[in-house]
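Read through the structure below, which is laid out as structure tokens, and then see the notes.
Keep in mind it's a predicted model, so treat the numbers as computed, not measured. For ligands, and for the atoms within them, numbers begin at 1 and follow the listed sequence.
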Amino acid sequence: MTNKIQIDKTHESRLNQLDFDNIPLGTTFTDHMFICSFRNGKWQKSKIMPLGTLSTHPAAMAFHYGQAIFEGMKATIGKCGSPLLFRPSENAKRLNFSAKRLGMPEFPEKLFVEALKLLVSIDQKWIPKSKGSALYLRPFMYADEAFIGMRAATEYKFIIIASPAKPIYNKRIRLYAETKYIRAAHGGTGEAKAAGNYAAAILPTEKAKSKGFDQVLWLDSNNFRSIQEVGTMNIFFKINETIVTPPLDGAILAGITRMSTIELLRHKGYNVIERNISIDEILTTSENGLLEEAFGTGTAVGVAMIEEIGYKNHSIHISNNNPVGQMVLDTINKVRVGEIQDELNWMVKV
Ligand SMILES: *Cc1c(COP(=O)(O)O)cnc(C)c1O
């Protein structure tokens with residue numbers, strides 16, 4: 001695609017309003033955004049322009065029928081001083097996987113990566129440099145055709161916005177194993193990064209928080225036994241010297257951090273097995289002293305150590321030692337800023 005991206009830069013940068021020592025969570029956005037519309041069966045000329053509000057028709061189909069998907073990734077500054085992206089092609093592929101599942105057009109993968117690079121390069125002064133911080137990138141696509149009626153929309157927007165972010169969890173987290181609500185069922189949209197999946201998760205998550213937990217641990221939709229994943233993270237356990245994580249069974253989001261964690265651990269010689277794990281097994285192994293670690297993986301947090309899982313009237317406590325989880329977190333954070341060698345070739349220069 002020879003889609004040259006038009007660039008329209010702001011005359012008034014808001015960068016001087018940002019206090020890098022005190023970045024508010026999710027409310028600060030860089031000066032620019034990338035935007036491209038799908039009209040008449042194809043993606044139109046794209047541009048990078050000053051970040052601003054969009055005027056959208058009240059009948060825009062995303063509002064009514066929920067055709068909306070997103071991605072999440074991070075840019076950091078490498079040792080060399082230039083920005084780096086973490087495996088951006090994987091996000092491009094996953095966006096298109098989600099698009100297909102929701103009956104939306106695919107966005108050209110090359111243009112996706114090119115747009116990210118250009119936006120990050122233009123707004124690179126917004127990339128925080130303190131440990132564990134990054135510029136969070138949010139590519140997303142939604143139906144903006146004005147139409148009342150149930151069918152695939154014919155008009156869409158693909159946009160990328162960017163938000164500087166400090167590390168989210170530096171404490172160990174507590175999960176609530178949900179036995180009433182589900183996140184995803186086989187055949188549903190659980191393996192797509194669809195906005196609607198989150199809509200369905202909000203009420204159960206708020207309820208879990210009101211009970212003092214940080215996130216929901218989702219169990220399978222058939223009988224609430226098999227562990228699926230956590231709010232916005234995939235989950236790993238270390239049981240009797242083996243690292244286990246649930247398999248991508250069609251109801252779990254294929255996390256890029258999950259994939260990277262598996263690759264890294266295997267590269268380091270750990271035994272990693274993707275297999276079904278029931279909540280009862282976690283309860284039993286914890287009682288037998290074989291549950292050695294539990295951690296979640298996702299772009300936003302990197303790796304979050306799990307300290308406890310609440311399940312029915314049980315409270316499953318996990319050892320407060322997380323050598324494997326910590327090694328994965330440190331490795332990802334160091335590779336991102338070029339502090340250690342990128343042995344698995346994750347980083348892409350902007
Ligand atoms: C995004 C997401 C993850 C983590 O995926 P990463 O690519 O590692 O950021 C895990 N679970 C859900 C439900 C998600 O939406």
Side-chain angles (χ1 to χ4, degrees), residues 26 66 68-76 85-99 101-102 112-113 116 132 134-141 160 162-163 165 167-169 173 175-176 178 181-186 188-202 204-205 208 214-221 226-236 245-265 274 294-304 306 325 328-329 331-333 335-336 344 346-348:
I69 56 175
F70 67 97
E71 275 303 321
M73 51 200 302
K74 281 175 171 175
T76 40
L85 294 170
F86 189 84
R87 314 188 81 173
S89 305
E90 297 298 334
N91 293 90
K93 277 187 231 159
R94 190 172 63 189
L95 178 91
N96 285 336
F97 177 86
S98 302
R101 177 62 185 83
L102 272 83
F112 179 101
V113 176
L116 280 167
L135 184 63
Y136 185 81
L137 300 162
R138 169 54 61 84
F140 62 106
M141 191 199 295
I160 308 173
S163 173
I168 301 182
Y169 298 118
I173 59 171
L175 305 181
Y176 178 74
E178 180 57 67
Y181 301 105
I182 61 158
R183 188 192 86 91
H186 292 271
T189 58
E191 56 180 349
K193 217 165 168 73
N197 292 342
Y198 283 84
I202 285 173
T205 305
D214 298 293
Q215 288 279 331
V216 172
L217 175 63
W218 297 107
L219 304 176
D220 78 274
S221 60
S226 299
I227 289 175
Q228 291 188 322
E229 59 181 308
V230 184
T232 56
M233 295 185 286
N234 297 106
I235 193 164
F236 288 79
T245 189
L248 300 176
D249 62 351
I252 291 177
L253 199 284
I256 295 162
T257 321
R258 174 190 183 277
M259 172 170 70
S260 307
T261 298
I262 294 174
E263 289 171 7
L264 174 68
L265 289 174
E274 295 176 72
F295 55 90
T297 64
T299 296
V301 292
V303 177
I306 298 164
V328 175
L329 178 61
T331 305
I332 290 176
N333 280 339
V335 167
R336 278 182 189 288
L344 296 169
W346 287 337
M347 306 311 293
V348 173

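Contact annotation: the side chain of Phe86 approaches that of Ile256 to within less than 4.5 Å [non-hydrogen atoms, C-beta and beyond]. For the pair Ile332 and Trp346, the minimum side-chain heavy-atom distance is below 4.5 Å.
Ion pairing between a basic and an acidic side chain is recognised when a charged N comes within 4.0 Å of a carboxylate O; Glu229 and Arg258 show no such pairing.
In this structure, the separation between CG on Asn96 and CD1 on Ile69 is 7.5 Å, given to the nearest 0.5 Å. A distance of 7.5 Å separates CG in Leu85 from OG1 in Thr76, rounded to the nearest 0.5 Å.
Test Lys193, Arg94, Arg138 against Glu71 for side-chain hydrogen bond (donor to acceptor under 3.5 Å, both in side chains) and you get one pass: Arg94.
Residues lining ligand 1 at a heavy-atom distance below 4.0 Å are given as Arg94, Arg183, Lys193, Tyr198, Glu229, Gly231, Thr232, Met233, Asn234, Leu253, Gly255, Ile256, Thr257, Gly298, Thr299, ordered by chain and residue number.
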